[in-house]
Amino acid sequence: MKSEEIRKKFLDFFKEKGHKIIPSSPLIPADSTVLFTIAGMQQFNSVLAGEEDPLKKFGSRTLASCQKCFRTIDIGEVGDDTHHTFFEMLGNWSIGKGYFKEKAIEYALEFFGDILKLEKDRIWVTIFKGEKGISKDEDSIQIWQENGIPKERIKEFGMEDNFWGPVTETGPCGPCSEIYFDRGEDFGCGDKDCGPNCPNCQRFVELWNLVFMEYNKERDGRYVKLPKKNVDTGIGFERLVTILQNKESTYETDLFLPLVQKVEDLSAKVYKEDKKSFRIVVDHIRGAVFLISDGVLPDNLGRGYVLRRILRRSIKYAKVLELKDYWYVPLIKETIKIYEKIYPEVRRKETDIINVVQKEEEKFKKTLDKGLVQFEKLLKTKIKEQKSKIIGGKEVFDLYQSYGFPMELTKELAEEKGFQVDAKGFQRKF
Ligand code: GLY
């Protein structure tokens, strides 16, 4: 099933169930204390907290969306099978007097089983086992069982795995119940206890998080009952597409493959030879398209620094792949083609996006080669002196100041050669 179709099926399903479809909010959230939008619920925060009336603000108590999200914590991991910076989240909400656990679970199973045809006997779930004075979610155990999920496929976890939110220090949050898909024994570790959250393998993939939002976390750390209960759910769209398209990696789905193929056209290498570099280039250009179309510009601080960091990292790996000049133009155009129907702003901002990336590339390309020579020199001296395997804060700062190397890029290059960087020493130079 094509990704476009999956997205549409989700929104149509919840529309039919009486939900109002709300367009994605921008990646820059209204709450300026947060760097980026990382979950579908963020634009609904005030109504979930009971501070505003959902009927007045959104015209309905039951809502659904496909939300643009951007996470920065995993930038260094991009290159493996699963991590990305930009991703989409499908979600449905019931705010205040609407439905709660029963309907949320029924809808989830109906959508996965009847609409997407995921085999029910490959579905496992997790529930909150109770912690920090919040009781075990016995209701969900019962509801899952009533809906045909046997007890042995219902696993219990604590606060770390089965309690969601708040996005910032305070705000609405609650126990959650997650749906996992069993990819089969071939993906497993063979351990008799293997199941969701297995520390040894990726056999069980988390697909849908159903949050039963009953609490507000206060400044003093207390969890206080919200005036009204809510349902808040999130599906990692790329993961769902990976399962439905039966691929091992998200980079092989129709969301990424056209981009990977474009890089192959521009390089003498093929994807299989250097998956890491291909993935970094396509993920970071895709991420940059969305950041720039939502108004972020490269900078040395905050959101702009994140954009600069991913652009410069993609430029470095474009060099590894020896991509032709202006390599980013076909990648930007292809990204726009993939997403323009659902996020028309990417087409409207096409010229801006190309201009911003071009300027950043021209700037960094000038110093990249010299910086790499300097970096190699530094490592050679350190190896010769046989003293320490740490690149000092001043040296990292010089690479940043003179050659535009973001600290994280120097760290990554250093780690590839078995060195560390003094990140704290680098921060002190500012
Ligand atoms: N708010 C639910 C989730 O992001 O998983």
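In what follows, every heavy atom counts, from backbone to side chain, and hydrogens, waters and symmetry copies are set aside. First listed ligand is number 1; within each ligand, the first listed atom is number 1. In this text, all values refer to a predicted model and were calculated from it rather than measured experimentally.
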* To do: Report, in ascending order of atom number, the atoms of ligand 1 lying under 4.0 Å from any heavy atom of Val211.
  => 2 (C)
* To do: Pull out every atom of ligand 1 sitting under 4.0 Å from any heavy atom of Ala39, numbered as shown with elements.
  => 4 (O)
* Asked: Does the pair Glu88/Arg7 count as a salt bridge with the N-to-O cut at 4.0 Å?
  -> yes
* Asked: What atoms of ligand 1 come closer than 4.0 angstrom to any heavy atom of Met41?
  -> 1 (N)
* To do: Would you kindly say whether Arg347 and Tyr339 are connected by a side-chain donor-acceptor distance under 3.5 Å?
  => no
* atom 5 (O) of ligand 1: nearest protein contact (heavy atom, Å) -> Asn209 ND2, 3.0 Å
* Ligand-side contact atoms (ligand 1) for residue partner Met89, heavy atom cut-off under 4.0 Å -> 4 (O)
* Asked: Can Asp81 and Arg279 be counted as an ion pair, charged N to O under 4.0 angstrom?
  -> yes
* Inspect the contact between Lys276 and Glu412 and indicate whether a charged nitrogen and a carboxylate oxygen are less than 4.0 angstrom apart. => yes
* Asked: Of all the non-hydrogen atoms in the protein, which one sits nearest to atom 4 (O) of ligand 1, and at what distance?
  -> Trp164 CZ2, 3.3 Å
* **Distance-only N or O hit between ligand 1 and Asp232, under 3.5 Å** => yes
* Asked: Considering residues, nucleotides and ligands other than Glu185, do more than 12 of their heavy atoms fall under 6.0 Å from its CD?
  -> no
* Could Arg203 and Asp182 be called an ion pair, given the rule that one side-chain N must be under 4.0 Å from one carboxylate O? -> yes
